[in-house]
Structures are given as structure tokens and as C-alpha cells.
2 protein chains.
Amino acid sequence: MLVERPQPIARQVTKIISERIRGQDYSPGERLPSESDLAEELGVSRATVRSALGKLAAEGLVLRKQGDGTYVNQHIIDVPTRMGAMWDFVRLIENIGYAAATQMLESDIRPATAQESALLRITTGSNVITLKRRFSADGKPVILVNDSFPASLFDDPTKALEQIEGELPLRELLWQKCRQAIAYAIINIKAVLPGEDAIQLLERDDSAPLLKLEQVFYNNDNLPILYSVSCYDDKTLGLRLVQTWV
Amino acid sequence: MLVERPQPIARQVTKIISERIRGQDYSPGERLPSESDLAEELGVSRATVRSALGKLAAEGLVLRKQGDGTYVNQHIIDVPTRMGAMWDFVRLIENIGYAAATQMLESDIRPATAQESALLRITTGSNVITLKRRFSADGKPVILVNDSFPASLFDDPTKALEQIEGELPLRELLWQKCRQAIAYAIINIKAVLPGEDAIQLLERDDSAPLLKLEQVFYNNDNLPILYSVSCYDDKTLGLRLVQTWV
DNA sequence: TAGTGGTCTAGACCACTAC
DNA sequence: TAGTGGTCTAGACCACTAC
């Protein structure tokens with residue numbers, strides 16, 4: 001169950017090429033070796049190389065031109081927030097160059113509200129575990145997150161509450177403690193004026209608007225396992241992302 | 001140059017399966033036929049079926065379970081905004097169920113500002129074409145867009161200005177008139193208080209915050225070809241999207 | 001026209017799950 | 001244990017571009 005399996009070859013190739021680009025073994029704007037040459041050099045099939053390059057193209061790290069070649073996209077190297085990483089706040093903050101810190105403000109286990117039971121599709125009154133966390137960049141609070149998930153995911157919910165630490169990304173926590181993998185999420189983005197709560201906890205001296213992200217995460221069996229609401233100080237952080245059409 | 005080429009087989013397969021799901025030939029939550037069965041039925045290789053299913057899985061329309069099967073994801077069918085379609089405002093509005101209308105408020109050709117010339121990487125003072133457009137949902141104004149792109153993309157910029165109509169998506173326009181295809185975009189999402197301009201043009205009776213999207217679009221040669229700033233009334237429209245981890 | 005990326009096939013073997 | 005999706009290969013042909 002917990003044996004270390006080797007990474008798939010395609011993933012290894014993705015990593016190798018990605019590191020060559022980031023390490024400037026392939027310079028910004030430069031044309032990569034052809035797919036056939038890469039396949040020969042790395043001792044894999046061309047299909048495997050194409051699979052790896054496809055991943056990098058979807059991230060925007062390379063641009064492909066039929067009949068010509070594959071080029072390094074210098075602009076994307078500095079853009080910290082690829083879409084998939086958008087919700088990993090610690091990595092997001094660190095990528096921009098700040099020191100990230102996580103603080104657990106509250107954690108509780110209590111009956112679900114009507115909204116929670118609807119979104120998480122559990123019976124009203126059954127227990128949810130709730131967390132209120134705060135993320136800081138260089139000591140300045142920038143993100144406020146309220147999470148709630150069904151207590152039934154854990155064998156022993158009360159014990160679970162003690163084990164939860166602020167540092168561990170919820171994605172990891174849900175996998176390690178509950179064997180729950182997140183398959184997809186439905187996300188709602190809004191602009192809001194901060195409430196009293198947010199003004200105080202984000203230490204705002206004004207009431208400039210915040211980004212609010214409401215997210216419901218589903219597992220591979222299509223069951224909701226996490227409801228999360230984040231208030232996001234875009235003045236300090238900036239929510240940047242890359243969109244590709246491949 | 002303009003001959004109609006048949007769609008790639010994988011794309012056709014994607015379309016067929018997608019339509020079967022949306023038309024409930026495969027019911028919500030149901031397991032699809034196995035990849036081998038689909039391949040046989042459609043007369044294509046399993047690799048082609050997998051390529052098509054990969055696209056649908058990335059959109060969140062199906063969930064794959066190794067050793068088990070591929071399942072229809074009923075939740076996603078109603079979510080209008082897949083990430084790729086997020087910037088096609090007309091489709092966005094219509095998908096939610098409103099009647100969409102586009103209005104060209106201003107169009108101009110003038111020397112680039114310092115910011116524009118920096119973002120579009122053209123020499124200061126060279127001409128840009130600028131558009132101010134407004135999108136409505138059921139007659140209610142909901143999105144305000146300011147576009148600017150280098151006049152040099154057109155052979156005859158002055159003439160081009162006359163040809164531009166509000167209805168045509170810029171993506172189409174850039175392709176049809178300039179043979180420019182958008183490869184990727186870098187997007188910035190912010191929350192702002194609406195300016196005088198926006199309050200008036202979006203006919204707001206309050207000054208509730210708006211979403212602001214700043215986007216720079218690049219072509220396949222990694223040259224910026226379009227700078228676009230959108231103010232977005234999330235109260236009426238809601239910015240919803242699906243994120244998958246595949 | 002040589003060389004590039006884009007598409008597709010047939011086949012093999014593996015990891016995993018429902019039964 | 002039968003059947004599923006996940007990975008990988010070798011090879012073919014095509015569309016397209018730089019030269």
C-alpha cells in the first residue's frame with residue numbers, strides 16, 4: 001500500500017525538460033531539440049516526449065509551432081500562479097517571494113448549518129469539522145480561509161481535530177488522514193467589501209474590496225468533501241494566472 | 001489556404017461523446033462503455049478514444065477510475081464557465097440563460113500610452129486601435145471592456161477601424177483580419193470599487209465592488225497582440241469555473 | 001525539400017477494482 | 001479473476017515551415 005512506486009516515464013521526462021528550462025539549459029526563447037532528438041537522447045519513445053511537452057505547453061512553458069519547432073516561453077517562467085497551484089496558498093505566497101506563514105485561528109467540530117449540509121450533501125445536524133486559518137506574507141496577513149468538511153471522513157473525529165495542524169495543506173491532510181483525493185472543484189469568484197471580521201484579522205486600515213473565493217471540492221466518487229471560503233487581499237498579493245489554448 | 005479540412009478524428013470523438021453526455025444518452029452518474037468498446041463501436045483506436053476522454057476529463061465532464069470505469073459527472077453539466085470559455089463574454093452570458101447583447105461605445109486609433117507601449121512592446125507613440133465595449137444580459141449592462149491592440153497588425157488600420165463591429169469576438173476578428181492566433185494569456189484578477197465611468201455605464205445604483213480582469217494576450221510567436229481590461233458585475237453574472245486535477 | 005510538429009494505429013504490459 | 005483504465009512503444013503518414 002505504501003510502497004514507493006517509480007514515477008511514470010512521461011512524468012520524469014516532463015520534470016527533466018522543465019528543469020532544463022528553469023535552469024536555462026534551454027535559454028529563454030530558444031528552440032528545443034526536436035521531439036525525435038529528445039526521444040533518442042532520453043531513451044524513450046517520441047509519444048512519451050510528446051506527452052511531456054503537451055503538459056508543458058498546457059502550462060504555457062513552451063510554445064509549439066508545427067513545421068518549425070518547440071520554443072521556450074520566457075514570459076511564463078516568472079508567473080507564479082499556474083491554475084492548478086492557485087489554491088495552494090503557501091506555495092503561492094512563497095513563489096511571489098514572500099515568507100509564508102500559516103496560523104490556525106480556530107478549529108471546531110459542530111453540527112452543520114443548513115448551507116453546509118446542502119453543499120456537502122450530508123444530513124442536517126451531522127457534524128462538520130471547521131477551521132479558520134490565516135496566511136501571512138512576510139508577516140502581513142493576506143488570506144483568510146474558512147474550511148468545513150464532514151466529520152464522518154475521519155474514524156475518530158474528535159481525535160482528528162487534535163491532529164490537524166495549520167501547516168499541512170488540506171489536500172495533503174485529506175489524503176493522509178482520510179485517503180480522500182480531490183478530483184475537481186467548482187469555484188466561485190466574487191468581489192466583496194470586507195466584513196468587520198476580515199478588516200480586523202487582515203489588519204486592514206481601509207475597507208478596500210477583497211476577492212472572495214467560494215470553493216466546493218469533490219472526490220473521485222463525485223462526493224463533496226470540502227467547502228472552503230477564502231478572503232483574499234489582492235492588493236498585496238495579486239491573483240495572476242496563465243490561460244493557454246492548446 | 002481557406003479549404004475546409006476535416007476535423008481530426010480525436011476531436012470528432014470528443015464531440016460525439018460530449019453530445020451523448022449532454023443529450024443524456026449516457027445518464028448522469030452512469031458508467032460509460034469501456035474504452036475498448038467505444039473504440040470498436042466508433043471504428044478508431046483505443047489511443048484516440050483515450051485522447052478524447054482525456055479532454056473531457058480535463059473539463060470535468062467525466063471522472064475516470066482505474067480498474068473500474070469512466071463515469072459521467074452530473075454536477076459539471078450545468079456549470080457554464082469552463083476555464084477556456086471564461087473570456088468569451090457573449091457565450092458566458094448566454095450559457096447562464098440570459099440574452100446577450102454587445103454594444104460598441106467607442107472606437108479609436110491613437111498613439112499608445114506609456115503603459116500600452118510597454119505591455120504591447122511597441123515603440124511609444126506608435127498607433128494602437130482602442131475599443132470600448134459593453135455587454136448586456138437581458139438588457140442589463142454587466143461587463144465593460146477596454147481593448148487595445150497595435151494598429152500595425154492591420155495592413156490598413158484606418159480602414160480596419162470601420163470594419164470592426166461589436167458583435168464579432170476579438171479572437172475571431174484577430175484571426176480573420178490579421179491571421180493572428182492567440183496562444184496564451186496572462187491574466188490578473190482584482191477587486192475594485194467602480195469608477196464614475198463604470199457606475200454610469202453599468203447603470204449601478206450603488207457602488208458595490210466589481211471584479212476587474214486585466215489580460216495580455218500573446219500569439220504563437222510570443223508577441224503581445226491584445227491588452228484588455230474588463231470590469232465585471234459579479235452580482236448579476238457570477239464568475240464560476242471548474243478546476244480539475246488530472 | 002529536408003526537417004519539424006500533428007495525428008493515428010496496433011499491440012503490449014501493468015495497476016487496480018468489483019465481483 | 002475478469003475486466004477496467006494507465007503507461008509505453010514502434011511505426012506510419014500527414015501538414016506545415018524555414019531554407
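In what follows, every chain begins at residue 1, and chains take the letters A, B, ... in the order their sequences are listed. What you see is a predicted model; the values in this text were computed from it and never measured. All heavy atoms count here, side chains included; hydrogens, waters and symmetry mates do not.
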Whole angstrom value for the distance that separates [atom2] of [N] from [atom1] of [X]:
| X | N | atom1 | atom2 | value |
| --- | --- | --- | --- | --- |
| B/Y71 | D/dT4 | OH | P | 11 Å |
| A/N220 | D/dT4 | CG | P | 18 Å |
| B/E35 | D/dT7 | CD | P | 11 Å |
| B/I9 | C/dG6 | CD1 | P | 17 Å |
| B/L63 | C/dC16 | CG | P | 19 Å |
| A/K65 | D/dC16 | NZ | P | 15 Å |
| A/E30 | C/dT4 | CD | P | 15 Å |
| A/R11 | D/dC8 | CZ | P | 10 Å |

query = For A/A47 and A/R31, take the nucleotide of DNA chain D holding the closest heavy atom to each; which residue's nucleotide lies nearer the 5' end?
reply =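 Nearest nucleotide further toward 5': that of A/A47.
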key: Mate of D/dA18 where both pairing distances stay under 3.5 Å, Watson-Crick or G-U   =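 D/dA18 is paired, partner C/dT1.
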message = Let's test this: given Watson-Crick or G-U wobble pairing with both distances under 3.5 Å, identify the partner of C/dC13.
response =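 Its partner is D/dG6.
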query = Is B/D155 atom CG crowded by more than 12 heavy atoms from other residues, nucleotides or ligands, each under 6.0 Å away?
reply =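 Counting other residues, nucleotides and ligands, CG of B/D155 stays at 12 neighbours or fewer.
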[N] phosphate, OP1 or OP2, under 4.0 Å from [X] side-chain N/O:
| X | N | value |
| --- | --- | --- |
| B/R46 | C/dA10 | no |
| B/T48 | C/dC8 | no |
| A/S45 | D/dA10 | no |
| B/R50 | D/dG6 | yes |

message = Quick check on side-chain contact (heavy atoms from CB on, under 4.5 Å): which of A/L223, A/I182, A/I186 does A/Y218 satisfy it with?
response =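 So, applying the side-chain contact (heavy atoms from CB on, under 4.5 Å) to A/Y218 and each of A/L223, A/I182, A/I186, only A/I186 qualifies.
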ask   = Contact class for A/S51 vs. all strands (heavy atom < 4.0 Å): base, sugar-phosphate, or nothing?
value =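 The answer is nothing, as A/S51 stays clear of every strand by at least 4.0 Å.
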ask   = Base, sugar-phosphate, or nothing for A/S36, non-hydrogen atoms under 4.0 angstrom?
value =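 Counting heavy atoms under 4.0 Å across all strands, no contact is made by A/S36.
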NZ or CZ of A/R179 within 45° of A/W175 ring axis and under 6.0 Å =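 Pair A/R179/A/W175 counts as cation-pi.
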key: Test: A/K177 cationic atom under 6.0 Å from A/F154 six-membered ring centre, within 45° of axis   =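 No.
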Pairwise side-chain contact, A/V145 with A/S228, heavy-atom cut-off 4.5 Å (strictly under) =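 Of all side-chain heavy-atom pairs linking A/S228 with A/V145, at least one is under 4.5 Å.
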Out of [options], which has the shortest distance to the side chain of [X]?
| X | options | value |
| --- | --- | --- |
| B/D68 | D/dC8, C/dT17, D/dG6 | C/dT17 |
| A/Q66 | D/dA15, C/dC8, D/dG6 | D/dA15 |
| A/R64 | C/dT4, D/dG6, C/dG6 | C/dG6 |

